[in-house]
Amino acid sequence: MAALVIEAAGPGVTIQDGGRHGFLRYGITAAGPMDPLMHATANRAAGGALDATAVEISTGGLAVTADGDAVAVALVAPGFRVALDGSALPGSVALTLEPGQTLAVRAGDTGSWGYLAVSGRLDVAPVLGSTATHTRSALGGLDGRGLAAGDRLPVTGAAASAAAPERLVVPWLDRDPAAIRVVLGPQDDYFAADQVAAFLAGPWTVSPRGDRMACFLDGTALRHAKGHDIVSDGVAMGAIQVPGNGLPIVLMADRQSTGGYPKIANVIGPDLGRLAQVRGGAQVTFRQVSIAEAVTARRAERDDLREAPAREPVVRVDFASDFLLGLNLVGGVTDGRG
Amino acid sequence: MSGRSGDPRLLDAGEAALVVEFGTTVDPAVSDRVLALDDALGADPPEGLRERVPTYRSLMLHYDPLVLDRATLAARVLSLAGGATGRTAARSRWILPCCYEARHGEDVAEVAERAGLSPDAVVTMHAAATYRVYMYGFAPGFAYLGGLPGALAVPRRASPRPPHPANAIMIGGGLAAVATVPMPTGWYVIGATPARLYAPERDPSFFVGAGDSIRFDQIDAATFAALAQRASSGEPVARREDEC
């Protein structure tokens with residue numbers, strides 16, 4: 001039977017489907033992809049359901065080898081450095097991994113998250129209806145943890161193609177990282193008008209200490225008008241809470257279901273991935289939009305994913321020598337193959 | 001703002017979640033309205049409503065705005081909230097076995113000192129009360145309970161204590177809690193229940209809902225061990241009283 005064998009995985013590489021929905025009322029975090037649009041794009045390119053199980057790749061990087069049978073995959077990881085048995089490929093690419101071939105994905109100059117989807121199905125047992133990994137509560141994925149060297153992911157119904165690797169054409173992932181659209185509320189009335197304006201003016205620097213739970217922002221602290229404690233209420237992905245120190249925290253995929261700080265605004269669904277992809281140290285600003293504008297953006301996103309992404313021949317990709325040296329280190333794990 | 005007094009506030013949390021806020025405090029009457037709306041929407045959910053998350057004072061509705069538009073959802077909510085002022089669904093009343101002995105009730109002595117009570121009085125008062133499950137949050141199967149006797153309302157710790165064991169019974173800040181997953185906590189651990197409110201491999205994974213009530217039945221450590229053994233194989237060890 002076909003399988004993907006993990007040769008190397010950095011911290012934060014996890015199995016994610018569309019998320020564990022229906023249990024927020026019991027305190028169960030939804031988890032799911034940090035960049036929902038990119039995850040769905042990878043699945044669409046691989047021919048699966050948009051919320052199918054895929055591997056979320058962090059800047060820690062990933063190397064996988066096909067075992068048993070060939071496995072057709074779609075990798076969507078713009079900005080990452082990708083190689084098939086040492087030959088450079090674009091960040092967004094469809095290819096068939098022959099048994100023994102190794103696909104290596106390493107952080108590049110931009111991008112925080114990428115997704116590897118398979119044609120067929122990654123055979124991971126669902127927990128509470130989902131394969132999404134939430135490491136803090138040890139739920140989903142493989143034993144609720146991140147992937148590690150030696151893990152084996154069986155692929156049911158693996159497809160293969162004799163075609164050479166092809167670049168995936170995904171223009172909707174060319175997103176401006178700086179301007180993140182938000183809807184104000186639900187507790188924007190905990191801030192005076194000048195503080196809401198200061199929040200929107202920014203700029204905010206994304207702290208490197210973020211993870212799948214939260215994106216921390218540094219900048220000029222905001223002042224609360226009515227204190228910084230509220231009686232807990234629900235938290236949506238993208239909620240921007242402002243704790244006592246006045247520095248906003250954007251709650252992401254692994255957030256808790258409820259929280260007790262005022263939330264000045266919420267990142268709109270289509271821009272969650274745009275924010276998630278921003279690296280620590282980079283700046284962002286927020287732009288207020290209406291609910292109607294947010295829904296229009298959502299509809300456009302849905303329309304982008306109606307058809308599988310176009311493919312085009314791969315042109316030569318050049319890498320810096322330090323990257324090739326790094327690949328050799330990863331290759332060492334695979335017994336010098338390639 | 002709506003014209004009718006008593007209407008909830010509708011607050012947006014992005015374009016895919018609506019917060020229906022009935023109040024800003026912990027109050028059983030507010031909780032009743034939250035749970036009544038939760039029941040009414042659960043009985044006849046509009047297409048596109050994805051999740052309902054009741055909290056002390058509000059109901060968060062996660063929805064797909066490409067299926068259910070905000071205006072339709074808002075109108076439905078206001079119409080239901082106008083009619084539903086009391087709780088409509090039957091609530092379950094649960095009795096959870098609880099061992100307060102020192103190996104499980106690690107912080108009973110500390111609570112007693114802070115509350116100016118004897119350790120036995122702390123246990124007796126906690127076991128005599130009936131609690132309401134206001135909501136889950138914070139962690140999987142972490143249930144916030146109202147109904148703690150006022151004499152046990154010690155503030156939470158200034159800094160967290162080391163992780164509590166699984167299925168801890170805790171108090172702090174005037175509330176009680178059942179905490180299924182070990183975590184560092186600012187609450188005081190005064191006992192443990194062998195009943196697992198949350199067991200992902202069990203069907204159902206959860207059996208106590210928001211709005212249910214809970215009483216604690218004091219057991220000794222030997223009984224705890226025997227019941228925990230049975231619970232680990234998925235057997236229910238919580239008892240259910242008649243529905244009210």
Side-chain angles (χ1 to χ4, degrees), chain A residues 19-30 127-129 134 136-140 144 181-189 226 230-240 256-260 263 265-272 289-299 301-302, chain B residues 9-21 23-27 30 34 38 42 50-66 69-71 134-144 179-183 197-198 200-201 203-210:
Chain A
R20 185 168 286 104
H21 300 294
F23 298 95
L24 285 173
R25 61 188 291 116
Y26 294 110
I28 300 288
T29 290
V127 181
L128 296 174
H134 184 233
R136 279 183 174 79
S137 58
L139 270 186
R181 291 169 290 182
V182 300
V183 172
L184 290 184
Q187 280 97 28
D188 52 314
D189 61 343
K226 300 199 269 183
I230 61 169
V231 172
S232 286
D233 73 345
V235 172
M237 184 169 174
I240 305 174
Q256 294 165 348
S257 56
T258 60
K263 294 168 285 292
N266 213 106
V267 176
I268 70 170
D271 282 2
L272 292 169
V289 296
S290 66
I291 298 277
E293 288 170 279
V295 173
T296 298
R298 227 173 227 262
R299 191 168 289 119
E301 183 175 279
R302 182 186 63 183
Chain B
R9 294 174 76 201
L10 301 183
L11 308 171
D12 293 293
E15 81 285 11
L18 184 68
V19 181
V20 185
E21 185 183 87
T24 57
T25 56
V26 179
D27 176 344
V30 171
V34 171
D38 182 39
R50 298 185 66 183
E51 298 210 43
R52 313 184 317 274
V53 187
T55 70
Y56 296 111
R57 62 193 186 86
S58 62
L59 183 67
M60 177 172 259
L61 301 172
H62 294 267
Y63 65 101
D64 179 349
L66 299 185
D69 72 70
R70 196 235 187 234
Y134 273 119
M135 58 180 278
Y136 284 90
F138 180 64
F142 188 106
Y144 291 91
T180 53
V181 179
M183 293 263 199
L197 261 53
Y198 158 61
E201 80 290 356
D203 185 20
S205 297
F206 301 89
F207 59 92
V208 175

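Note on naming: letters A, B, ... go to the chains in the order of the sequence lines (proteins, then strands), and numbering restarts at 1 for each one.
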Contact class of [X] relative to chain B, heavy atoms under 4.5 angstrom:
X	result
A:Ala239	neither
A:Asp188	neither
A:Val289	neither
A:Val295	both
A:Arg302	side chain
A:Leu139	side chain

Q) Would the number of heavy atoms belonging to other residues, nucleotides or ligands and lying under 6.0 Å from CZ of B:Arg50 be above 12? A)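 No.
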Q. Is the backbone N or O of B:Pro65 less than 3.5 Å from a side-chain atom of A:Arg298, with the two atoms forming a donor-acceptor pair by type?
A.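 No, because the side chain of A:Arg298 does not come within donor-acceptor range (under 3.5 Å) of the backbone of B:Pro65.
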Report which part of [X] has an atom under 4.5 Å of a heavy atom belonging to chain A: side chain, backbone, both, or neither.
X	answer
B:Thr180	neither
B:Ala17	side chain
B:Val19	side chain
B:Met183	neither
B:Asp38	side chain
B:Glu15	both

Q. With B:Arg70, which residues qualify under salt bridge (Lys or Arg N to Asp or Glu O under 4.0 Å), at least two apart?
A.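 If we apply the salt bridge (Lys or Arg N to Asp or Glu O under 4.0 Å) test to B:Arg70, skipping adjacent residues, the hits are B:Asp12.
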Q | Test side-chain contact (heavy atoms from CB on, under 4.5 Å) applied to B:Arg52 and B:Leu59, step by step | A | CA-CA 7 Å; B:Arg52 313 184 317 274; B:Leu59 183 67; 4.2 Å; yes
**Q.** Test side chain to side chain contact (heavy atoms under 4.5 Å, CB included) applied to A:Ser290 - qualifying residues, sequence neighbours left out
**A.**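 If we apply the side chain to side chain contact (heavy atoms under 4.5 Å, CB included) test to A:Ser290, skipping adjacent residues, the hits are A:Ala292, A:Glu293.
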Q. Do the rings of A:Tyr26 and A:Phe23 sit parallel, tilted or perpendicular, given the 30° and 60° boundaries?
A.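 Plane angle between 30° and 60°, so tilted.
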Q: Hey, can you tell me if B:Phe206 and B:Tyr136 have their rings parallel, tilted or perpendicular (30° and 60° cut-offs)?
A: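 Geometry flag for B:Tyr136 against B:Phe206: perpendicular rings.
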Q.
With a 4.5 Å cut-off on side-chain heavy atoms, are B:Met60 and A:Thr258 touching?
A.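 In short, these two side chains do not touch, never coming nearer than 4.5 Å.
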